[in-house]
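The next block holds one structure in the form of structure tokens; read it before the comments.
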Amino acid sequence: MPDPAVPPTPPVPLAALLAREDLGLRQIAGPRDTDTGTGTGTGTGTGTGTVIHWAHTSEMADPYPYLLGGELLLTAGVHIPEAAGSGTYFDDYVSRIVAAGGAALGFGLAPVHDTVPRALVAACDAYGLPLLEVPPRTTFSGVARAVWQLMAQARHAELRRVTEAQQSLAAAASRPDPVRAVLRQLAQRVAGWAVLYGPEGAVIGEAGREAPGDAVRGALAELAGVVRPGVAAAAGTTGPGSARQTGGSEATRATAAPDSAGGTRPSTPPSPSPSPSPSPSPSPSPTSASDTIAGTHLATYALGAGQGFVLGVAAPHRDPGDHTIASVAAVLLSLLTGEHQSGSGAARSSALVRLLLGAEPQAVAPLLGADRWLVVHGRPGTQPCDPVAASALGAALGSPLVDLARDGVRVLVPADREPSPQSGWTLGVSAPAAPHDWPTADAQAARALSRARATRTPLFRHGTHRPALTDLLSPDEAQSHARALLAPLTGPLTETLRTWLSLHGSWDRTAVALSVHRNTVRQRIARCAALLDTDLDDPDVRMELWFALRHSER
């Protein structure tokens, strides 16, 4: 008979249900929980106490076909025959509930029975099934509602725990020593020990309050070999009582059987150093595997495709959210280890070091994989401008070269990757530029972003260069004239004049582009007119000033 599969709902400690004074439930038979719980319903059921996954009402003499496992079965005893106490009725009834995986039995008093039959109490004691007495004032629907409320509280608490863990792991990944920081945070969140194995099985880093013993270390290292690409197929199965699942998301080595507390225990004690047996045929290795040894829960996760790094976790308890938390850590570590192993990551690090040591941008550009580049400036809409959002924008634009500023993001993108509008972002794109022109391209992208925000356009590109009358002039002479004409203006005034002219003299749109008040724009433009001693309403003056502004940035 296969073991029953409990419903995929948060487990609720039976002790929490008994602690509800509004229900008035009383346990009169079966094993008692040593941990009385807090009555909050936030327990996860990983200890030795009884947990329930649902409440189900049935008056069938044989409820087995209608149970999924893990239920609190509620009955008023309508199905009990008059002569049940003198035969094997109650033994058969309780044994079928236990065989179906029922977690507990609730017996309602009145209107059928004034007391719980003694034979039922004896049968529940004999088969280890908790028996609850439900008082007349408590309806079965009220019990079911209480179970649902406790499950909702448990789900909310677990989601909050997982969310907080994800945030802390992401923050750890941005610290100076990210790999060890992530391991420390993971060990703290699962109240255990975390270790990262390298491709050859060597320990790269580990963290935890208390290091496990040699038996646990050996079993965890062995389990890491199960998920490491190329190792599992060669090693075959992993020892007595193992049940290895390949090609899936999880493999469990130790077979399990129900124990007296309603949980599971290994039917064959796992050995920390089993002798490998030959595999009849190689098969894909799983991405994760789990085991339990000496009361410690073990889990391993392969990082990335073919990298060979493996994350191992050992903890005294295994809560429902632990797998999710460990999976998030595995993804972060996969990115961190993949970055160090990839040639592109090494090239970017080399380029940064050379720039810091005084190399020219054009000298390190080949290490980045392109000769011409686009600078993209981005401002988020409603979402926060944080490292996660900035990295997501860089990934969408096809470049890991991202700079997060206080109010925006800059991305350096190879010129052959044409940026496209991104949902939730306003983007400004420069013209293609060689490395020595990156400062100019940065200024172009900033102005393009300002124009995009002013015109409410998702993406604005700086105008591409085409033959014009200005090409007939010497660049040096044009720049000399521009510097002389604009000499009276300071930086803010120059930028305000440039933006105002590019937006055809619109006060409102200029104010939006510069993030200032429209009166500030009017005052600055008036100041420009006074310093230049000219009439800015004259189109010829505007044309000459625009010509000078275009050449002053070169």
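For clarity, every value in this text was computed on a predicted model and none was experimentally measured. Keep in mind that the numbers below use all heavy atoms, side chains included, and drop hydrogens, waters and symmetry copies.
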With [X] via salt bridge (charged side-chain N to carboxylate O under 4.0 Å, His left out) - residues at least two apart:
X	result
E418	R461
D442	R410
R354	none

Residues which pass side-chain hydrogen bond (donor to acceptor under 3.5 Å, both in side chains) with [X], listed by chain and number, not counting sequence neighbours:
X	answer
S58	none
T457	T455
T139	S141
Q27	none

Review point. So, are E158 and R155 salt-bridged, with charged N and O less than 4.0 Å apart?
Key: no

Exercise for review: Might you point out which heavy atoms bring G102 and L129 nearest each other, and give the distance in Å?
Suggested key: O-CD1, 3.7 Å

Taking only residues two or more places apart in sequence or in another chain, which ones pass side chain to side chain contact (heavy atoms under 4.5 Å, CB included) with [X]?
X	answer
T75	E59, H79, Y93, L105, F107
V203	V195, Y197, E206
Q188	Q185
P439	none

**Study point:** Ring center gap for H323 and Y301 short of 6.0 angstrom
**Key:** yes

Would you say [X]'s side chain and [Y]'s backbone share a donor-acceptor pair under 3.5 angstrom?
X	Y	result
R32	P130	no
Q153	M151	no
S430	V375	yes
S450	L514	no

Check your understanding: Side chains of S168 and Q166: is there a donor and an acceptor less than 3.5 Å apart?
Key -> no

Check your understanding: Can you pull the salt bridge (Lys or Arg N to Asp or Glu O under 4.0 Å) pairs that have at least one residue in residues 182-195, sequence neighbours excluded?
Key -> none

